[in-house]
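Residue numbers count from 1 along this sequence. Just the heavy atoms: all of them, side chains too, but no hydrogens, waters or symmetry mates, feed the values below.
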Amino acid sequence: MLANFPAAYPGWFVEGFAEYFMTADVTPGRIQVGGHSPGRVSSLAQSNAWAPMEAVLASDPAPSQVHAFYAQSWLLTHYYFGSDERRPQLSAYLAGVAQGADPVASAAETLGHEAAD
């Protein structure tokens with residue numbers, strides 16, 4: 001990602017992008033990306049295991065919430081990559097962050113979600 005698309009990406013997206021493509025299934029005649037990650041789904045399913053979204057967007061999870069950070073980063077990336085309508089929002093967000101916008105504040109402006117959502 002960083003070699004082919006160099007920019008200043010927020011940490012959650014760098015990790016979410018890696019997790020998103022980690023599930024790639026390559027067979028003769030077909031490449032499928034964006035599958036679910038059983039380990040990350042398991043992390044999300046644990047009660048009270050989610051990190052605060054502000055910490056995820058700021059890429060600053062507490063040490064006890066690192067697994068949640070990776071899982072939520074994967075989920076956010078999957079959510080925005082998985083929709084033709086949401087993908088432009090993600091592009092606008094990433095462009096803003098690359099130009100120096102705060103990743104938490106910019107999420108409210110370009111993605112339409114406050115960190116508490």
Side-chain angles (χ1 to χ4, degrees):
M1 171 186 157
L2 297 176
N4 293 303
F5 305 103
Y9 297 109
W12 73 263
F13 182 70
V14 172
E15 298 305 336
F17 186 92
E19 295 284 334
Y20 183 85
F21 284 96
M22 169 189 75
T23 62
D25 182 23
V26 180
T27 58
R30 182 184 71 126
I31 299 174
Q32 183 176 353
V33 296
H36 81 286
S37 174
R40 298 306 176 208
V41 171
S42 176
S43 291
L44 294 170
Q46 295 177 19
S47 177
N48 297 320
W50 286 50
M53 283 308 298
E54 185 171 351
V56 173
L57 293 170
S59 303
D60 189 27
S64 64
Q65 296 174 324
V66 171
H67 289 293
F69 170 76
Y70 285 105
Q72 287 169 250
S73 296
W74 164 77
L75 185 60
L76 275 171
T77 303
H78 198 276
Y79 177 77
Y80 284 99
F81 273 3
S83 165
D84 290 339
E85 295 170 359
R86 291 187 296 263
R87 217 170 296 119
Q89 291 176 295
L90 178 63
S91 294
Y93 169 79
L94 294 174
V97 171
Q99 293 173 1
D102 176 77
V104 178
S106 186
E109 297 166 16
T110 56
L111 300 178
H113 297 290
E114 295 288 335
D117 288 351

Taking side chain to side chain contact (heavy atoms under 4.5 Å, CB included) as the test, write out the residues that go with Thr27, two or more places apart. Asp25, Arg30

Got a sec, which residues hit salt bridge (Lys or Arg N to Asp or Glu O under 4.0 Å) with Arg87, two or more places apart in sequence or on another chain? Asp84

Does Gln32 form a side-chain contact (heavy atoms from CB on, under 4.5 Å) with Val26? I'd like the steps, not just the answer. CA-CA 6 Å; Gln32 183 176 353; Val26 180; over 6 Å; no

What residues form a side-chain hydrogen bond (donor to acceptor under 3.5 Å, both in side chains) with Tyr70, not counting sequence neighbours? none

Does the side chain of Trp50 come within less than 4.5 Å of Val56's, by heavy atoms? no

Leu111 side chain reached by Tyr79 side chain, heavy atoms, under 4.5 Å: no

Checking Ser73 side chain against Gly16 main chain: does a donor-acceptor pair fall under 3.5 Å? no

With sequence neighbours excluded, what pairs up with His78 under the ring-ring contact (aromatic ring centres under 6.0 Å, His included) test? Tyr20, Trp74

Tell me the closest heavy-atom pair linking Val33 and Ala24, and the distance in Å. CG1-CB, 3.9 Å

Would you say Phe81 ends up clustered with Met22 if hydrophobic residues are merged whenever their side chains have heavy atoms under 4.5 Å apart, either directly or through other cluster members? no

Residues forming a side chain to side chain contact (heavy atoms under 4.5 Å, CB included) with Leu94, sequence neighbours excluded: Tyr9, Pro10, Phe13, Leu90

Once you round to the nearest 0.5 Å, how far does CH2 of Trp12 lie from CD of Glu19? 13.0 Å

With a 3.5 Å cut-off and sequence neighbours excluded, list the donor-acceptor pairs that the side chains of residues 61-69 form with protein atoms.
none

Mind checking whether Leu44 and Leu75 have side chains closer than 4.5 Å, heavy atoms only? yes

Per-pair distances, 0.1 Å, donor-acceptor, side chain in residues 98-108, under 3.5 Å, sequence neighbours excluded:
residue : atom : partner : partner atom : Å
Asp102  : OD2  : Val104  : N            : 3.1
Asp102  : OD2  : Ala105  : N            : 2.7

Partners of Ser83 by side chain to side chain contact (heavy atoms under 4.5 Å, CB included), sequence neighbours excluded? Glu85, Arg86

Test salt bridge (Lys or Arg N to Asp or Glu O under 4.0 Å) applied to Glu15 - qualifying residues, sequence neighbours left out: none

